[in-house]
Amino acid sequence: MLLARIDRRHQLKWSLMAICVALEVSNPAFALDPASIARSGNGDAATACSSCHGDHGEGLPDNGFPRLAGLDSRYLRTQLEAFASGSRANEIMHPIAKALSSDERQSLASYYSGLIAPKAPQQAVDDDKLIADGKSIALDGIWNKGLPGCSQCHAKLGLGVGASFPRLAGQSSTYIGNSLAAWKDGSRGNDPLSLMAGIASKLDQSQIDAVAAYYGSLPVDQPEGKTP
Amino acid sequence: MSDIASDPKTWFAGVLFLAAAGFAGYSIGSYPVEPVKVVTAPQPATGALPQTPKDSKFSPPGDDKIPDSEFGKSVRLGQAIFYDTQNNAEEFIGNSLQCSNCHLDKGRQPDSAPLWAAYLVYPAYRAKNGHVNTFQERLQGCFEYSMNGKAPPLGDKTLVALESYAYFLAKGAPTGTVLPGQGYPKLPRPDKFDFANGKEVYSQKCALCHGADGAGQQSPDGQTVFPPLWGPKSYNWGAGMSSINNAAGFIKANMPFSQGNTLTDKQAWDVAAYIDSHERPQDPRFKGSLAETQKEHHGGAYDLYGTTVGGVTLGKDSVPSGPLPQ
């Protein structure tokens, strides 16, 4: 009887300790800090983010690796979840996002959202006509195809709105074009209300090129690293 | 509550029930639509005008057709005021809306009260103010009610510019005719409004842009990108959009933004009723008595002003109408 009671006490003690250990592990303060994951990876399949997204989250434009600096943290977090679950299908980001714990996804999202970075150098599209066509789609839309201007959701100059409408200013034309193509072919399928799937389906390739060239040409001199 | 039919007796019982339910939330469900009621629509009596066959299609001229002249300058100014009212007509507005929030594609989009179609049906008699209104007077109404501001004086540059733009868009269209796409579509009258369903539709389809609190959303530089649908920064209790039938027609044809005509009629009615059952700036014609304002200017199945929904008597505690004192 006595023995049994001690045993039970022991059991309790051990399980309390186990809970403590579990808590420690999932405690963000205990997990690797985001800056070091960004720089050198998490020791698992999540390799250094900076090798593709740049030292300051500015992206690698010509490779289509997006800018992360200054994007809304809730948006970045949602995208990491979507890469992990596969609802945003991407061969590169899927294993990386899957290897991040939930806390790491959150802390990396906050980390990149708070970074300030100049626009990464990229091959400029020097086709004024193309950029002008893109600007007209971005600001006025093509209403007889049921397409509003992009700026009506992404704000003027592509500054973005809140948690769900990402900033486009600062992204490269390659990445903008890739994203629109990904919605058209269905590999990017996590957009709320399927808004972007609908938008992309109304654009043909020459219009995608134009609107991508326009957004690629925008500066990043707006309030940065700010989550409204 | 869910089976209130158009039978007047059941309807009356429903009203009693609603009244008795008092402070219960939206979960109590529905609000019956009065069976027979003349609706004082804030739109002109276009019913009397010849209607053009549905399949005839009018296309307003493109911006590239704006002439390079003094008149053309006025057209351009009108267009600028129309799509960026906040920055081009500040002194006359008292909320965060743009004309182009409710008249899409800068006043060109059919079924979104396009300017070219409106231009054709004025001057017209309006029950709202009891006399024949010119087009400029109609525009004044938009500033006072939809923009919760104050009317620019007749002949003011702002009104002349907007009239120039509307006239330009209407080029070649027959005056005195109701063209297809005029105003907002008129949906078949429902038996009731189901607020609980409206709230559900709102949270699924609208809150992403307009916010769960209906206050709209801004970009980091402070520009309103998604317009507020209720509260002190939205249209006031005298605006056409505060009539559920107008809101439902607009929503059905145009919302969710870029996905028009995807909601069912029921969804459009219920969500319109839900939106128009929230507080907004006072009716500018209010002179101190809610009951009198309601009696003189409101009523009808599509107007919730002065009624109690979810424990709130609408119009009772509204913020005053008009621009905030500078």
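It should be emphasised that the depicted structure is a prediction, and the values quoted were computed from it without experimental measurement. Throughout, protein chains are lettered first and strands after them, A, B, ... in sequence-line order, and every chain is numbered starting at 1.
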Report which part of B:Phe257 has an atom under 4.5 Å of a heavy atom belonging to chain A: side chain, backbone, both, or neither.
both

B:Asp84 and A:Lys156: which non-hydrogen atoms are nearest, and at how many Å?
OD2-NZ, 4.1 Å

How many angstroms lie between atom CG of A:Leu147 and atom CG of B:Asp105, to the nearest 0.5 angstrom?
10.5 Å

Contacting region of B:Asn254 [heavy-atom separation from chain A under 4.5 Å]
neither

Decide yes or no on side-chain contact (heavy atoms from CB on, under 4.5 Å) for A:Phe165 and B:Ser219, but give the supporting numbers first.
CA-CA 10 Å; A:Phe165 300 86; B:Ser219 52; over 6 Å; no

Quick one: of B:Gln204, B:Lys205, B:Gln259, who has the most non-hydrogen atom pairs under 4.5 Å with chain A?
B:Gln259

Output the option from A:Gly160, A:Ser151, A:Gly146, A:Gly198 having the highest count of non-hydrogen pairs under 4.5 Å with chain B.
A:Gly160

Given that the side chain runs from C-beta out, which part of B:Lys106 has a heavy atom under 4.5 Å from chain A: side chain, backbone, both or neither?
side chain

Has A:Lys184 got more than 12 heavy atoms of other residues, nucleotides or ligands less than 6.0 Å from its NZ?
yes

Heavy-atom count check: over 12 atoms from other residues, nucleotides or ligands less than 6.0 Å from A:Lys145 NZ?
yes

For the interface with chain A, which of B:Pro256, B:Ser258, B:Cys209, B:Ser59 has the highest count of heavy-atom pairs at distances below 4.5 Å?
B:Ser258

Toward chain B, the part of A:Leu195 with a non-hydrogen atom under 4.5 Å
both

Please check if atom NZ in A:Lys119 has more than 12 non-hydrogen atoms from other residues, nucleotides or ligands closer than 6.0 Å.
yes

Measure across B:Gln217 and A:Val161 and return the closest heavy-atom pair with its distance rounded to 0.1 Å.
CB-CG1, 3.6 Å

If you apply the rule side-chain contact (heavy atoms from CB on, under 4.5 Å), what do you find for B:Arg108 with A:Asp140, and how did you get there?
CA-CA 11 Å; B:Arg108 284 193 165 92; A:Asp140 297 336; over 6 Å; no

Can you confirm whether more than 12 heavy atoms, excluding those of A:Gln123, are under 6.0 Å from its CD atom?
no

I need the residue from A:Cys153, A:Ser194, A:Ser164, A:Ala155 with the largest number of non-hydrogen atom pairs under 4.5 Å to chain B.
A:Cys153

Taking atom CG as the centre, does B:Asp68 end up with more than 12 heavy-atom neighbours from other residues, nucleotides or ligands that are less than 6.0 angstrom away?
no

Would one find more than 12 heavy atoms of other residues, nucleotides or ligands at under 6.0 Å from atom CG of A:Asp126?
no

